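Step one of this worksheet: look at the structure below.
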Amino acid sequence: MLKVSASDRQLTTHLVAPSKDSKPPENLTSNEPNHLQILKKCTHLIQFKQVHAHIIKTPLHQADTHLSKLIQALAGSAHLPYARLVLDQITEPSTFAFNTMIKGYGTNNLGDKGIDLYIQMRYQGLNPDNFTYPYLLKACNGLKQGKGIHSLVVKNERFSSGIYFLTSLITFYCSFGDVESARLVFDRMPEKNVVTWTGIIKGYVMQKRYKEGIELFYQMKNSGVEINELTLVCVLSACANLGALEIGKWVHEYTDRKKIFLNPKLGAALIDMYAKCGHIDKASQVFQTLPCKGVYVWNAMIGGLAMHGFGIEAIDRFMGMQGYGIKPDGITLIAVLSACSHSGLVVKGKEIFHSMRKDYEIEPTIKHYGCFVDLLCRAGLLNEAYEIIINMPMEPNGVLWGTLLNACTATANIELAEAAMEQLMVLEPFNDGNYVLISNIYAAKNRWDDVARIRKVLKDKQIVRNPGHSLIEVDNIVHEFMAGDGRHPCSEEIYDMLEKIAITLKE
DNA sequence: ATAGGGTTAG
């Protein structure tokens, strides 16, 4: 149902029926009505229609420009069919009108319609301008389409060297995971700005190619281009995932030195970096000093506490944020549930999971189910976890079954392990870890023919076992370790220490 | 009217 607020109503009455004795609003009576001003306030279709009615009463030579602006406003408010209607009625639509319409389609997941419209525009003999292609790239929903536009522009158009076009091309390639193509574009650009650099760095970080991302950041710094908050967020994310504490610290100092404002997103990235690099105390300290703590900041803090096993503290912050009037979102709940899971807070975790919808108006997603299943599994409640998985409102994915399979190793629960493995063979047929787990469970029960059977499956599917490895940075040097690895110069000391830790843990 | 962001279960 259409809900019209008081201010909307006021607007509508002005437009519909200015009463005879009251003074009508100036902008509608003058010869040059400022529809743009009014359009900014419109939200509901009916209001747009009122403006439309007014525009078509104005002289024709003005009408087209105003109609273009109407299309822009309509498309910007996702009223696409009506926007299209207006576009189709314009006698001589401008490139601008088509551009905004294409943009509207692109940002509302109707890219195909945007591309169709581009084709129509060219058939009508209308030339694109330098705004057209960035919008068109946004309308692409696959690599092939974008490559088509890339080659089209390179071959035929004179917009092939604009920084906006090339930067949106980089973003486009990165968003579809093709960093290599993005890099080719990037390397050819004679001039790059902060958006260009940040775009390519983000592309590498999204592909988990953190080292290359940081390498590019160094190059960016040398090139003398401006570095801003968004750049640093990407770099910090790379640091967090690499455990590159020293670089992360450098970024922190840099924000200090350059007086870069720690906005909530940058603050969250800093907290996350410190937490993932093992310095939860430092993360907490950053949290305290942040001038504005949005939901992102609380999420990063709660998530950090969760991964360090500080479940009670995480729940404290969870209550704390609500005390400050910050509404938890879906991510908050994931962080809180994982805190319960990592700290064995089973009762609390169950309570929170079951109250999500009621207390926080958050519909549980598969990730929430994932945390909850993890919680039950870690608590040894395997059957309960299994029941949840098979009764979930959505299709369970490999993570869910993998969690259960992993939990089955502790007690060598063959029945549930086989049920999980059956699903995983379909969902993740090439995940070597799953085969190793099930094989270990069979081995624990001395079922050697089953072990051999799994080994044969591995061989038949030509699955390469990918040994797990970890990275840690000490004094600016990144050290890499694999299971059973003896290559490190301090290998002997490391294994000694591991043994000591194992003994302490057993105690 | 053009290009860009963080946290997320095994």
Side-chain angles (χ1 to χ4, degrees), chain A residues 36 68-69 71-73 75-76 94-97 99-104 129-138 159 162-172 174-175 192-203 205-206 228-237 240 263-273 275-276 294-304 306-307 329-342 364-375 377-378 397-407 409 420 424 428 431 433-434 437:
Chain A
L36 196 60
S68 297
K69 291 191 172 154
I71 295 170
Q72 182 192 10
S94 59
T95 297
F96 169 76
N99 283 350
T100 53
M101 194 69 226
I102 293 171
K103 180 188 184 188
D129 61 16
N130 48 345
F131 289 84
T132 310
Y133 293 106
Y135 292 146
L136 205 54
L137 281 172
K138 224 176 214 161
F159 309 109
I163 194 161
Y164 279 94
F165 170 67
L166 293 174
T167 303
S168 49
L169 198 52
I170 289 174
T171 320
F172 161 78
C174 290
S175 70
K192 307 166 177 96
N193 62 21
V194 54
V195 184
T196 321
W197 279 98
T198 306
I200 189 81
I201 292 174
K202 193 196 165 210
V205 173
M206 283 194 316
N228 66 17
E229 292 93 329
L230 283 80
T231 322
L232 296 180
V233 167
C234 295
V235 175
L236 283 171
S237 164
N263 66 31
K265 290 178 179 180
L266 184 51
L270 266 177
I271 291 170
D272 183 55
M273 182 278 293
K276 288 210 173 101
V295 65
Y296 302 137
V297 173
W298 289 94
N299 287 355
M301 191 67 240
I302 295 170
M307 71 181 94
D329 64 7
I331 308 288
T332 319
L333 268 295
I334 289 173
V336 173
L337 289 171
S338 97
C340 295
S341 169
H342 291 291
T365 66
I366 193 151
K367 292 187 178 177
H368 297 105
Y369 276 95
C371 292
F372 189 51
V373 165
D374 186 46
L375 173 89
C377 283
R378 283 178 199 259
N397 61 17
V399 176
L400 273 286
W401 289 114
T403 306
L404 183 64
L405 176 63
N406 195 30
T409 57
L424 286 165
E428 300 178 338
N431 185 332
N434 297 333
L437 287 175

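Values in this document were obtained by computation on a predicted structure and should not be read as measured data. Numbered from 1 within each chain, the chains take letters A, B, ... in sequence-line order.
Closest to the side chain of Asn228(A), from the set dG4(B), dT8(B), dG10(B), is dG4(B). Nearest nucleotide to the Val399(A) side chain, out of dA1(B), dT7(B), dG10(B): dG10(B).
The CG atom of Asn193(A) sits 15 Å away from the P atom of dT2(B) (whole-angstrom rounding). Atom CD1 in Ile170(A) sits about 15 Å away from atom C1' in dT2(B), given to the nearest Å. What separates CD1 of Ile271(A) from C1' of dT7(B) is a distance of 10 Å, to the nearest Å. Between the P atom of dT8(B) and the CG atom of Leu337(A) lies a distance of 14 Å, rounded to the nearest Å. The separation between Tyr164(A) atom OH and dG4(B) atom C1' is 12 Å, rounded to whole Å. Here the P atom of nucleotide dA3(B) and the OH atom of Tyr133(A) are 17 Å apart, to the nearest Å. Asn99(A) places its CG atom 11 Å from the P atom of dT2(B), with the value rounded to the nearest Å.
By the 30° and 60° cut-offs, the orientation of the rings of Tyr133(A) relative to Phe159(A) is tilted.
Here Phe165(A) does not count as stacked on dA3(B), because the ring centres are not under 5.5 angstrom apart with planes under 30°.
Between the side chains of Thr332(A) and Asn299(A), a donor-acceptor pair is found at a separation under 3.5 Å.
Screening Asn193(A), Thr196(A), Thr198(A) against Thr167(A) for a side chain to side chain donor-acceptor pair (under 3.5 Å) leaves a single residue, Thr196(A).
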